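Below: one structure, written as structure tokens.
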Amino acid sequence: MQSLVLAGGKGIRLRPVTLHTPKPIVPIANTPLLFYQLELLRRGGVRDVVLSLSYQPHKIEDRIGDGSHVNIRVSYAVETSPLGTAGAFKNGAHLINETAVVLNGDILTDVDLEDVIRFHKDAGAAATIVLSPVPNPTGYGLVVTDAEHRVLRFIEKPKPEEITCDTINAGIYILEPKLLDYIPEGEPFTFEYGLFPKLVKMGEIVMGFVSHGYWRDIGTPESYLQANLDVIAGRVKLLDPPVFVSGDKFDSDIHIDSTSLIDPSCTVKPGVHIVNSVISRNCYIEERAHIENSLIRSASRIGTGASVSGALIGKGCHVGKAVNIGAGSVLGDKSVVTDYGRI
Ligand code: GDD
Ligand code: MG
């Protein structure tokens with residue numbers, strides 16, 4: 001089974017996280033998002049993956065390489081300018097010659113792809129779209145199905161009055177190669193506004209597979225932070241549990257709860273409290289700092305007595321002494337908050 005991962009978006013809604021790190025490789029619990037996706041695909045029986053890139057492609061190629069370290073063959077299709085989701089699939093078509101799993105590169109999920117592939121084949125579908133129920137579908141593609149799970153309507157970013165169900169496009173598709181004939185060559189075209197509504201209209205068999213597993217689009221700072229917290233809480237059944245560093249590694253006067261994930265390269269000084277948080281490589285946490293429900297990216301320093309709660313701190317930040325950073329705060333890479341600052 002082959003796969004194409006759509007990993008070319010600019011990640012605009014996830015700025016400033018994506019200014020220097022393209023969205024597909026932002027770390028979730030200290031592991032790049034794409035590694036979770038490659039693991040999902042490998043478990044689903046996929047052995048060949050095409051990464052469809054456009055924004056900062058070299059950073060992704062450098063991080064993922066040929067995929068040999070995760071037992072999957074990775075090749076690349078790079079667009080000179082973004083072609084949209086379906087255009088990107090067409091652009092990678094020369095590398096695909098069979099039924100393919102196509103995945104949005106910004107989702108974290110543990111859906112069982114083998115189930116989806118079986119469902120697709122049994123239905124004799126041209127396309128199967130994995131659906132996830134969400135409380136508010138307005139930010140997604142709304143997918144309406146009939147009682148036999150056949151897709152009746154696909155409405156991207158529906159207006160509130162268009163919402164008649166709670167199932168949305170989870171950004172996971174099983175697609176037959178013949179669908180490439182519906183996608184124009186070399187010009188922008190999307191699955192969401194172009195291909196899927198067209199297929200439904202043409203009477204092609206498009207099926208919806210409702211998944212009740214873990215699913216999240218990590219494309220906003222709030223969602224990205226929550227994805228990190230979900231992984232450390234064990235809500236995503238995917239990779240082996242991350243290696244936690246318990247309080248034992250550090251001084252007895254340091255309090256680290258059992259869900260927090262702290263890279264062993266970090267320095268943590270006495271009197272520090274860390275609760276339900278992820279701390280990446282080479283961070284320096286000064287005396288009596290208090291960190292909870294937060295993500296601190298690599299090489300950041302949290303000053304003496306500072307408090308960081310519900311926040312996302314970028315790479316190489318300097319948070320001064322006695323600073324108070326509250327819920328919803330997002331610091332870009334290399335931010336400096338001077339002593340006693342409040343955010
Ligand atoms: N290669 C390439 N080229 N990839 C692209 C392009 C492009 O021109 N445009 C977008 N992508 C990639 C993004 O990197 C992302 O991984 C994926 O396609 C989806 O794009 P988003 O910009 O994140 O779309 P969205 O989140 O607003 O909506 C999409 O995802 C929702 C689920 O998370 C749609 O597919 C919705 O229907 C869906 O519900
Ligand atoms: Mg998205």
Side-chain angles (χ1 to χ4, degrees), residues 3-15 17-18 21-26 28 32-34 36-37 40 49-57 59-61 75-93 95-96 101-109 111 127 129-144 151 153-158 162-163 165-173 175 183-184 186-197 200 206 208-211 214-224 226-227:
S3 174
L4 180 128
V5 179
L6 295 161
K10 290 202 175 99
I12 290 170
R13 284 162 294 178
L14 189 49
R15 285 176 183 167
V17 180
T18 43
T21 313
K23 190 162 60 163
I25 53 166
V26 292
I28 312 273
L33 171 62
L34 258 171
Y36 294 85
Q37 299 202 325
L40 178 88
V49 179
V50 179
L51 294 185
S52 163
L53 309 182
S54 170
Y55 177 69
Q56 300 188 344
K59 289 191 180 169
I60 300 178
E61 289 183 46
S75 50
Y76 296 89
V78 181
E79 292 145 61
T80 38
S81 65
L83 289 171
T85 46
F89 180 48
K90 183 91 171 182
N91 188 54
L95 299 164
I96 293 183
V101 181
V102 175
L103 210 64
N104 282 357
D106 62 347
I107 51 166
L108 180 64
T109 176
V111 60
I129 304 172
V130 175
L131 310 180
S132 189
V134 297
N136 178 9
T138 48
Y140 303 97
L142 184 81
V143 183
V144 185
V151 174
R153 262 182 312 149
F154 191 110
I155 312 170
E156 184 63 17
K157 310 288 184 298
E162 290 174 312
I163 296 172
C165 62
D166 68 350
T167 41
I168 59 109
N169 166 26
I172 304 162
Y173 320 119
L175 303 179
I183 304 172
E187 59 180 87
F189 196 65
T190 68
F191 288 125
E192 296 86 348
Y193 294 100
L195 185 71
F196 294 144
V200 172
V206 181
F209 176 99
V210 182
S211 167
Y214 180 88
W215 182 86
R216 174 176 289 281
D217 178 327
I218 61 104
T220 62
E222 298 71 31
S223 189
Y224 171 55
Q226 191 57 49

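Ligands are counted one by one from 1 in listed order, and the atoms in each one are counted from 1 as well. Bear in mind the structure is a predicted one, so any value in this text is a computation, not a measurement.
- Neither the backbone nor the side chain of Asn91 comes within contact range of ligand 1; no heavy atom lies under 4.0 Å.
- The atoms of ligand 1 that sit less than 4.0 Å from any heavy atom of Leu83 are 8 (O).
- With hydrogens left out, the protein atom closest to atom 3 (N) of ligand 1 is Glu79 OE1, 3.0 Å, a heavy atom.
- For Tyr173 and Phe89, the distance between ring centers is not under 6.0 angstrom.
- Heavy-atom contacts of Gly8 reach the following atoms of ligand 1: 1 (N), 2 (C), 4 (N), 5 (C), 14 (O) (cutoff under 4.0 Å).
- Around the NZ atom of Lys157, the shell of radius 6.0 Å holds more than 12 heavy atoms that belong to other residues, nucleotides or ligands.
- Which parts of ligand 1 touch Ser52 is read off a 4.0 Å heavy-atom cut-off, strictly below it: atoms 1 (N), 2 (C).
- Of all protein heavy atoms, the one closest to atom 32 (C) of ligand 1 is Asn169 O, 3.4 Å.
- Of the protein's non-hydrogen atoms, Gly9 N, 2.7 Å is the one closest to atom 14 (O) of ligand 1.
- The single protein non-hydrogen atom nearest to atom 33 (O) of ligand 1 is Asp217 OD2, 2.7 Å, given as residue, atom name and distance.
- Taking each heavy atom of Leu142 and Pro158 in turn, the nearest pair found is CB-CG, 3.7 Å.
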Could you go through Trp215 and Ile107, starting from their C-alpha distance and side-chain angles, then the distance that decides it, and tell me whether this counts as side chain to side chain contact (heavy atoms under 4.5 Å, CB included)?
CA-CA 7 Å; Trp215 182 86; Ile107 51 166; 3.8 Å; yes
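- The side-chain hydrogen bond (donor to acceptor under 3.5 Å, both in side chains) check on Thr85 picks up Glu192, with sequence neighbours excluded.
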Is there a side chain to side chain contact (heavy atoms under 4.5 Å, CB included) between Ile129 and Phe154? Walk through the geometry before answering.
CA-CA 10 Å; Ile129 304 172; Phe154 191 110; 3.9 Å; yes
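- Nearby protein atoms of type N, O or S around the Mg ion (ligand 2) amount to 2 (distance under 2.8 Å).
- If you look at Tyr173 next to ligand 1, the close heavy atoms, those under 4.0 Å, all belong to the side chain.
- Selection from Leu6, Thr220, Leu53, Leu103 by nearest heavy atom to atom 16 (O) of ligand 1 gives Leu6.
- Contact annotation: the side chain of Leu4 never approaches that of Leu175 to less than 4.5 Å [non-hydrogen atoms, C-beta and beyond].
- Within the listing of ligand 1, atoms 32 (C), 39 (O) sit less than 4.0 angstrom from a heavy atom of Tyr140.
- Regarding atom 37 (O) of ligand 1, its nearest protein heavy-atom neighbour is Glu156 OE1, 2.6 Å.
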Apply side chain to side chain contact (heavy atoms under 4.5 Å, CB included) to the pair Leu14 and Asp106, showing each step before the final yes or no.
CA-CA 10 Å; Leu14 189 49; Asp106 62 347; over 6 Å; no
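- Closest to atom 29 (C) of ligand 1, if we only count protein heavy atoms, is Asn104 ND2, 3.6 Å.
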Would you please test Ile25 and Thr21 for side chain to side chain contact (heavy atoms under 4.5 Å, CB included) and show each step?
CA-CA 7 Å; Ile25 53 166; Thr21 313; 4.1 Å; yes
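- Listed by atom number, the atoms of ligand 1 under 4.0 Å from Lys23 heavy atoms are 23 (O).
- Note on ligand 1: Lys157 sits in its first shell, one or more heavy atoms being nearer than 4.0 Å.
- Using 4.0 Å as the threshold, Trp215 has a heavy atom nearer than that to some atom of ligand 1.
- Residues satisfying the ring pair (Phe, Tyr, Trp, His ring centres under 6.0 Å) criterion with Tyr224, sequence neighbours excluded, are absent altogether.
- In terms of modelled atom types and a separation under 3.5 Å, the side chain of Glu79 and the main chain of Ser52 share no donor-acceptor contact.
- Thr167 places a side-chain N or O within donor-acceptor distance of the main-chain N or O of Val143, the cut-off being under 3.5 Å.
- Contact atoms of ligand 1 toward Arg13: 21 (P), 22 (O), 23 (O), 24 (O), 25 (P), 26 (O), 27 (O) (distance under 4.0 Å to a heavy atom of the residue).
- Listed by number with element, the atoms of ligand 1 under 4.0 Å from a non-hydrogen atom of Gly105 are 16 (O).
- Considering only heavy atoms from C-beta on, Thr18 stays 4.5 Å or farther from Arg13 through its side chain.
- Contacts between Pro82 and ligand 1 below 4.0 angstrom, taking non-hydrogen atoms only, involve backbone and side chain alike.
- Counting protein heavy atoms only, atom 35 (O) of ligand 1 is closest to Glu192 OE2, 2.5 Å.
- Taking a distance limit of 4.0 Å, we find that atom 20 (O) of ligand 1 is approached by no protein heavy atom.
- Scanning Val143, Asp106, Thr85, Val134 for the heavy atom closest to atom 9 (N) of ligand 1 points to Thr85.
- Proximity of a side-chain donor or acceptor of Glu156 to a complementary backbone N or O of Phe191 within less than 3.5 Å is not detected.
- Listed by number with element, the atoms of ligand 1 under 4.0 Å from a non-hydrogen atom of Ala88 are 1 (N), 2 (C), 3 (N).
- At least one donor-acceptor pair closer than 3.5 Å links the side chain of Ser223 to the backbone N or O of Asp217.
- For the residues Ser54, Gly87, Gly84, Gly219, the heavy atom positioned nearest atom 7 (C) of ligand 1 is part of Gly84.
- When every heavy atom of Ile183 is checked against every heavy atom of Ala86, the shortest pair comes out as CG2-O, 3.6 Å.
- Between the Tyr36 side chain and the Ile28 main chain, a donor and an acceptor come within less than 3.5 Å of each other.
- Tyr214 pairs by the side-chain hydrogen bond (donor to acceptor under 3.5 Å, both in side chains) definition with Arg216, Asp230, not counting sequence neighbours.
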